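Please read these numbers as outputs of a predicted model, since none were measured by experiment. A note on names: the letters A, B, ... follow the listed sequences, proteins ahead of strands, and every chain is numbered from 1.
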Protein chains: 2
Amino acid sequence: MKKPLYVSLANAIKNNISKHQYQTMKLPDERTLAEEFAVSRSSIKRAIQLLADQGIIFKKQGSGNFINPLFLRNKTALDYTGDNVGLTTSIVTNGKQQQIEVLNLDVVKPDAAIKENLFLTADDFVYSFKRLRKLDEVPILIEQSYIPVKVFPQLSKKLLEHSLFNYLEDQENTIINRAYLDVTTEPSSVEDQDLLHLKTTEPVGIMAGIFFVDDGTPFEYSSMRLHYRYLNFSTFVNLGK
Amino acid sequence: MKKPLYVSLANAIKNNISKHQYQTMKLPDERTLAEEFAVSRSSIKRAIQLLADQGIIFKKQGSGNFINPLFLRNKTALDYTGDNVGLTTSIVTNGKQQQIEVLNLDVVKPDAAIKENLFLTADDFVYSFKRLRKLDEVPILIEQSYIPVKVFPQLSKKLLEHSLFNYLEDQENTIINRAYLDVTTEPSSVEDQDLLHLKTTEPVGIMAGIFFVDDGTPFEYSSMRLHYRYLNFSTFVNLGK
DNA sequence: CAGTGGTCTAGACCACCAA
DNA sequence: TGGTGGTCTAGACCACTGT
C-alpha cells in the first residue's frame, strides 16, 4: 500500500500552502518546484494535476498555478483523502449512528425501465427491496432498489439490515466504486410524508442511479428519496484546463 | 486551436467503441493499442485517462480497461465535448429562447456571509442584483447575486439584461470557468410561488456558490432558486483509479 | 521575448490480477 | 507466472500570457 511519489508531493505542496509557505496566491513555477523537491518535472506536474482535480489549485497555461482561496479559508470542505475524485456526495451524517429498516424484499420480473438500467435480457429476475434509513432513529431516506438475481443470488433480508456495499467489499472481494447519479427534487408523496415525517409543503430530494462493479458490471439500480434537509450536493465545476 | 494527439486518440477509440469494433466489454491492452495507432504507450494512456474521466470506460489495474455499458446504450448522456470535466450541470433548456428580467440592482454593504464568500475586507462594497430567468417566457429561476464593486466597477442594469459571463468573455477577455456549487432543495417561499408559478406544495431547487476567474479571483456569489422541474444534476461518481 | 504550463517520447521498473 | 495497468525519468519542443 505504498503511496506513489506524486501523492506525497501533492501532500507536501498542500502542507506548504496551508502553512502559508508561499507568500502570494501563486505557486512557484513547476521547474522551480521540481528542483526544490529534487524530482522530475513530470512528477511535479502529476502532483499539481492531482491538486487541481481536487479544486485546491487552479492552473492557467502561460501564467502559473494559483491557489484556490477557498482552500485557505475552509480546508475541510476540500480536504479530500485517498481515492476521492473531487466530488462530495453525501448524506449529512455528522457522526450519528445509522439504522436500517428493511420494509420489504421480493423477487420480481423487472419492468422495461429497470431492465434497461441494469442491462438485462427478458428472462432475468431481480430482487426488489425497500429500505428506510435513519440517523439516531430520525428517518431521513427511503431507498427503493433493484439487484439482478444472477449477479448476487445470496441476497437475504438479514444482509439488507446492514450496508450491502461494506459486506460485498469485506466478504466477497467485490467493490462497487462507480455510479451514475441523477439528482432532482419533487413534492413529497403521502408515503414520503408518512415515513420521513414531512409536512405537505416539504419536498424530497431524489438521487437515482446505477451502481457499477469496477469491471463495468451494473450491480444495482436505486432510487433514493431524501428528507429535503439531508440532500446536499457540493462540487467543483472546473472548466479550465 | 490544434487538438492534442491524445484527444484525437480518445475520439478514435470512442468511435471504435461506438461502432462495436471491440467484441467484448474490454478494450485491447494499452501496448497493443499503442502499436495499432503507432504512438507511444504514454499517449494511449493519456487518451484512456481522458475517456475514464468522462465515464466512458472503467480502468482496473492488472485486468484491463472496460467499456461503460451506459455509453453503448445512451451515447448522448456521456458524449462530452472539449473542456468538459465529467460533470453535467445544466438547466434543461432544450434549445428554447432565454429571457432575462432584471428585478433590481443596488450597491450595498455586504453582510458577514457575503463578505466571507467573496473574500472581502470591511471596506468593500458589492453590487447586489436579482434577476428572473425565463425560457420561452416561462419563468424558471430567480437569481440573487453579489459582485464586488472593485472587481467589476462597470456593471450596469443594461449589462445585466444579457449573460454577464458571455460579455466578460467576449469584451473583457475574462473567463469565469470555475465554481464551487452547493445543491439543496427547500419548500417554496411566497415569492418563489409568485415569480415561478409554483403551488404551495411544490419546492424549489437551490444552487448556490462562488464563481471564480481562472486565476483564482472570486468574482461572484450567487444563489439561484429554480423551479423544481428544472433542477437536474447528473454526474459520474468514480472512486476507481 | 522571457516565463511558464502543455504535449509527447522511449524505456525502465513496479503493482496487481487471474489462472 | 504472464498479462496488464501504474509510476517515473530526462529531455525535446509546442502554446499561451503578459510585459
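- Comparing atom distances between the B:E30 side chain and each of D:dT4, D:dG6, C:dT7 picks out D:dG6 as nearest.
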- Show the numbers, then the answer: is there a ring pair (Phe, Tyr, Trp, His ring centres under 6.0 Å) between A:F212 and B:F58? CA-CA 10 Å; A:F212 298 91; B:F58 299 151; 5.4 Å; yes
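- With hydrogens and angles left out, the side chain of A:R31 and the base of C:dG5 share a donor-acceptor pair within 3.5 Å.
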- Message: Quick one, B:D29 with B:T32, criterion side chain to side chain donor-acceptor pair (under 3.5 Å). Give me CA distance, side-chain angles, the key distance, then yes/no.
- Response: CA-CA 5 Å; B:D29 73 89; B:T32 307; 2.6 Å; yes
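- Taking atom CG on B:L9 and atom P on C:dT7, their separation rounds to 13 Å, with Å as the unit.
- Within the 4.0 Å cut-off from OP1 or OP2 of C:dT7, at least one side-chain nitrogen or oxygen of B:R46 is found.
- Applying the salt bridge (Lys or Arg N to Asp or Glu O under 4.0 Å) definition to pairs two or more places apart or across chains, none involves residues 152-166 of chain B.
- Straight-line distance from the CG atom of B:L33 to the C1' atom of D:dG5: 12 Å, rounded to whole Å.
- The phosphate of C:dC8 has neither OP1 nor OP2 within less than 4.0 Å of any side-chain N or O from B:Y6.
- The shortest distance between the side-chain N/O atoms of B:N65 and the OP1/OP2 oxygens of D:dG5 is below 4.0 Å.
- The CD-P distance, from A:Q49 to C:dT7, rounds to 9 Å in whole Å.
- Scanning for ring-ring contact (aromatic ring centres under 6.0 Å, His included) contacts around A:Y221 gives an empty result, with sequence neighbours left out.
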Could I get a table of every N or O pair under 3.5 Å where one atom is in the protein and the other is in nucleotides 17-19 of chain C?
residue, atom, partner, partner atom, Å
C:dC17, O3', B:S63, OG, 3.3

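- Counting to the nearest Å, the C1' atom of D:dT17 and the CG atom of A:D29 are 14 Å from each other.
- For A:D215, the side chain to side chain donor-acceptor pair (under 3.5 Å) criterion is met by A:T217, not counting sequence neighbours.
- In this structure, CZ of B:R41 is placed 13 Å from P of C:dA12, rounded to the nearest angstrom.
- In terms of the side-chain contact (heavy atoms from CB on, under 4.5 Å) criterion, residue partners of A:D106 (sequence neighbours excluded) are, by chain and number, A:N104, A:V108.
- Separating the CD1 atom of B:I44 from the P atom of C:dC8 is a distance of 11 Å, rounded to the nearest angstrom.
- At least one side-chain nitrogen or oxygen of B:K45 sits closer than 4.0 Å to the OP1 or OP2 atom of D:dG6.
- The ring-ring contact (aromatic ring centres under 6.0 Å, His included) search around B:F211 returns B:F165, not counting sequence neighbours.
- Distance A:E35 CD to C:dT4 C1': 15 Å, rounded to the nearest Å.
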